[in-house]
Structures are given as structure tokens and as C-alpha cells.
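In listed order, ligands and their atoms are each counted from 1. Count residues from 1 along the sequence.
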Amino acid sequence: MTDSLSRVQQDVVACERCPRLRAWCRRVAQEKVKRYQDQEYWGRPVPGFGDPAARLLIVGLAPAAHGGNRTGRIFTGDRSGDFLFAALHRAGFASQPTSVSRDDGLRLIDCYVAATARCAPPDNKPLPEEIRSCREYLAREWALLPRLRAVLALGRIAMDGALAMLREAGRLPPRKGYAFGHGVRHDLGDGLALFGSYHPSQQNTFTGKLTPADLDRVLAAIRRQLGRPSSRG
Ligand code: SF4
């Protein structure tokens, strides 16, 4: 059967590969948090979403317990998403600066957002084997987004996940190292570059480790990357 982004999304939503994460997401969805007591939580794995013609792929860590796990859309309904989508809107990659629910009208432009793990993990820490189990979905999205020119990894774990996926896809030399840091750019050849940014978690944005201007600079570098001529189209 031919694969498609909607098929990947369906497979993600139905996935039960990681018992620890599935049990945790269900429990959080049942117990809820006080401020969202009146809402029905999604409680299932959270698929990626965006523009099928995207040239930019953003890889996050995993959905938040009361963000994506509540709303059913990655980086939606939490402070990290507020920070990220405001920046994407300023850079022209999002139709609006806010991301609050699956039906809020947000449209990504030339951009697709995914994650290394699609289920909210306890303490925001997926286990290495859970990240490995989930990599198939990122690999399928990678294969289904043929126009990609830039991959933006939000945080070190996302960078490692993106690199592992690209290695498995035969897109990188097996042993070459790629350092993580905020603002790094690695030229992967054939018109593709990998960028790193600190993750827009509250821990980073509330402490000033990651400011809006910091993320704007990374997105400006990505814009320059997309403006370069390439054989990838
Ligand atoms: S983290 Fe990924 S592989 Fe594990 S259950 Fe969730 S969707 Fe499936």
C-alpha cells in the first residue's frame, strides 16, 4: 500500500507500542488537571501536522501531558507551543501566532511539525527505547516530505533523534558527529541543512535561556537556507 501523511497520522493515533507511555497518557487524560477539568482530553498518541509541501521540518521532543495530550495536536495548548508558534508566525511559517486547539484555524506554511516521541512521557522524559520505537513515524514523514531543505531540532534529544533517523535512512555517513547547540547549522549536502535550537520549554523560556529573539535568529537562518538555490526543488 502506498504510504501517505494521513496514513502515518492514523497509525500514530492507533499506536500502542510503548505500554508505559500509553498507560501514563490515559491516566493523565482521566485524572486531568484542575484548570482543564471540564475538557475532554485527547489521551492518545499525537501525530505530526503541517504543510505537505513543507521545506522545513521541525522536530520536537514529545507532547506535553496537558498540552498535546489534552488537545491532540503537537505544541498545542501549552506555553511551549505559545512560544514556538508566535515565532513561526513572525517568520511567516504559521498563519496565526497562537495554537490552542485542533480546530483553531492554524495553518502551517512551508513547515511540518513532528516529534521524536508521539506520546506524552512522565517528567517530559521518553526512554531511549521509546524514542527508538517511535522513530518509524518520523522516518515515514521524512520520506513523504520530498521538498525538505531544512530540519530544525528543538533540543538535544530531538537533534539526536533526527540524526538517528537520517542515518537509518542512509542520508548521513554512519560515524560522522554533529554537535548540538543553539543556533548550530550543519550542512548535510544536497541542499539540506540541520539546525539546532534550545527547546522552547518553560524551563528555558522562563529563565531567559531561550528568548524570542534567539529563536527568531534561528528561523532567519532557516529562511536564508530556503532562499538558496537547490537541486531539491
Ligand atoms: S511513543 Fe510512539 S511508538 Fe510509543 S506508543 Fe506512542 S506513538 Fe507508539
For Glu130, which part has a heavy atom under 4.0 Å from ligand 1: side chain, backbone, both, or neither?
neither
Are Glu136 and Arg17 close enough for a salt bridge, meaning some N to O gap below 4.0 Å?
yes
Could you tell me which atoms of ligand 1, counted from 1 in the order shown, lie closer than 4.0 angstrom to a heavy atom of [X]?
X      : answer
Leu21  : 1 (S)
Arg22  : 5 (S)
Cys119 : 1 (S), 5 (S), 6 (Fe), 7 (S)

In this structure, which one of His182, Arg217, Met159 forms a side-chain contact (heavy atoms from CB on, under 4.5 Å) with Ser197?
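Of His182, Arg217, Met159, side-chain contact (heavy atoms from CB on, under 4.5 Å) with Ser197 is met by His182 alone.
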In terms of ring plane angle, is the pair Tyr178 and His186 parallel, tilted or perpendicular, where the classes change at 30° and 60°?
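Taking His186 first and then Tyr178, their aromatic rings stand perpendicular (interplane angle over 60°).
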Atom 8 (Fe) of ligand 1 to nearest N/O/S of Cys18 less than 2.8 Å:
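No, since none of the N, O or S atoms of Cys18 sits under 2.8 Å from atom 8 (Fe) of ligand 1.
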Aromatic Phe93 / basic Arg223 pairing, under 6.0 angstrom, 45° off normal
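Because its charged atom sits under 6.0 Å from the ring centre and within 45° of the axis, Arg223 does stack over Phe93.
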Would you kindly check if the NZ (Lys) or CZ (Arg) of Arg44 is within the cone defined by 45 degrees around the ring axis of Trp42 and under 6.0 Å from the six-membered ring centre?
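Because its charged atom sits under 6.0 Å from the ring centre and within 45° of the axis, Arg44 does stack over Trp42.
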Between atom 2 (Fe) of ligand 1 and Cys134, is there an N, O or S atom separated by less than 2.8 Å?
yes
Quick one: nearest non-hydrogen protein atom to atom 8 (Fe) of ligand 1, plus distance?
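The closest one turns out to be Cys15 SG, 2.3 Å.
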Can a donor-acceptor pair be found, under 3.5 Å and without considering hydrogens, that links the side chain of Asp110 to the backbone of Arg55?
yes
